[in-house]
Amino acid sequence: MNYPNIHHGIFIKRLNRFVAEIRVNGLTERCHVKNTGRLGELLLPGAEVLLTKTDNPNRTTQFDLVSVYKGNQLFNIDSQMPNKLYSEWLKGNCSLYSNLSLLRPETRYKNSRFDFYLDADGKKIFTEVKGVTLLKDGTAYFPDAPTLRGLKHINELIASREEGYDACIVFILQMKGALRFSPNHQTQPEFAKALRTALKAGVRLLALDCIVKENFIMIDKEIDIVLSDN
């Protein structure tokens, strides 16, 4: 996936979940943050960031914050990107399914709306995709803040298994450099416990890292998942 019209900026401060002040092109601009997570490890004063400029002159914020450097490493923080990447990957040369006949986004099941429904290899599969932006000491973690919505999705994926569907949770690591993925036990132990329960119920867990460039991002390879907190 490509980003057009990239601009460099310097992060100043976050005003709320959706808006940050950023120094760009010599001016202080209010920019849309395309991720409502905490991002406390990344959005630090003085951090170099990358933005795209909208072509809508009537929009309140003219720039979208999509990536941030932590040292020399670039992290994509665009929360809309993981679903796009996964769809592109499935339609490309991935070996996850040998025969994908249907890929439908935003499909309702009971009280949830899952990111994808698939008909593949003779199976009916609900899939939920989570973007991961937190990396510490070689381990990528999710979530970076407690998520009741994430717990609900796990529980209903388990319920779908009991009704004969296949189910999958895909973690898209929006960076390189992770040796493994793990649920964030410290931030939300309930989420980690729910993932272990899901695995036992037959829900497939998959973690994929990405090649991240200033104007480009793509899924690269599968990363080991460690569910234990030891």
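Note that the structure is a prediction, hence the values are computed from the model and not measured. Reckoned from all heavy atoms, side chains included, excluding hydrogens, waters and symmetry mates. This chain uses plain numbering: 1 for the first residue, then up along the sequence.
Proximity of a side-chain donor or acceptor of Asp209 to a complementary backbone N or O of Lys221 within less than 3.5 Å is detected. A donor-acceptor pair under 3.5 Å links the side-chain atoms of Asp121 to the main chain of Ser98, judged by distance alone. A donor-acceptor pair under 3.5 Å is absent between the side-chain atoms of Asp64 and the main chain of Thr52, judged by distance alone.
Residues Lys124 and Asp166 are not paired through a salt bridge, judged by the lack of any N-O separation under 4.0 Å between the basic side chain and the carboxylate. Note on Asp224 versus Arg180: no salt bridge recorded, every NZ/NE/NH1/NH2 to OD/OE distance being 4.0 Å or above.
Taking the six-membered ring where the residue is Trp, the centroids of Phe142 and Phe191 are separated by under 6.0 Å.
Taken to the nearest 0.5 Å, the CG atom of Asn35 stands 10.5 Å off from the CZ atom of Arg17. Interatomic distance, Leu195 CG to Ile158 CD1, rounded to the nearest 0.5 Å: 9.0 Å. Taken from CD in Gln174 to CZ in Phe75, the straight-line distance is 10.5 Å, to the nearest 0.5 Å. Between atom OG of residue Ser112 and atom CG of residue Asn155 there is a gap of 9.0 Å, rounded to the nearest 0.5 Å.
For Arg59, the CZ atom sits in a packed shell: over 12 heavy atoms of surrounding residues, nucleotides or ligands are nearer than 6.0 Å. The neighbour count for Leu148 CG, taken as heavy atoms of other residues, nucleotides or ligands under 6.0 Å away, does not exceed 12. Taking a 6.0 Å sphere around NZ of Lys34, one finds it holds more than 12 heavy atoms contributed by other residues, nucleotides or ligands.
Minimum heavy-atom separation, Val24 to Glu29: CG1-CG, 3.2 Å.
Put simply, the residue from Thr107, Thr127, Asn83 that forms a side chain to side chain donor-acceptor pair (under 3.5 Å) with Asp115 is Asn83. The only option from Phe181, Tyr86, Tyr141 that meets the ring pair (Phe, Tyr, Trp, His ring centres under 6.0 Å) definition with Phe171 turns out to be Phe181.
Considering only heavy atoms from C-beta on, Thr36 stays 4.5 Å or farther from Ser79 through its side chain. For the pair Ser67 and Asn76, the minimum side-chain heavy-atom distance is below 4.5 Å. At least one side-chain heavy atom of Asp78 sits less than 4.5 Å from a side-chain heavy atom of Tyr3. Residues Glu21 and Arg30 have side chains in contact (heavy-atom distance under 4.5 Å, counting atoms from C-beta outward).
Ring planes of Phe126 and Tyr165: tilted class, angle from 30 to 60°.
Screening residues 102-113 for salt bridge (Lys or Arg N to Asp or Glu O under 4.0 Å) gives Lys110-Glu163 as the qualifying pairs, with residues at least two apart or on separate chains.
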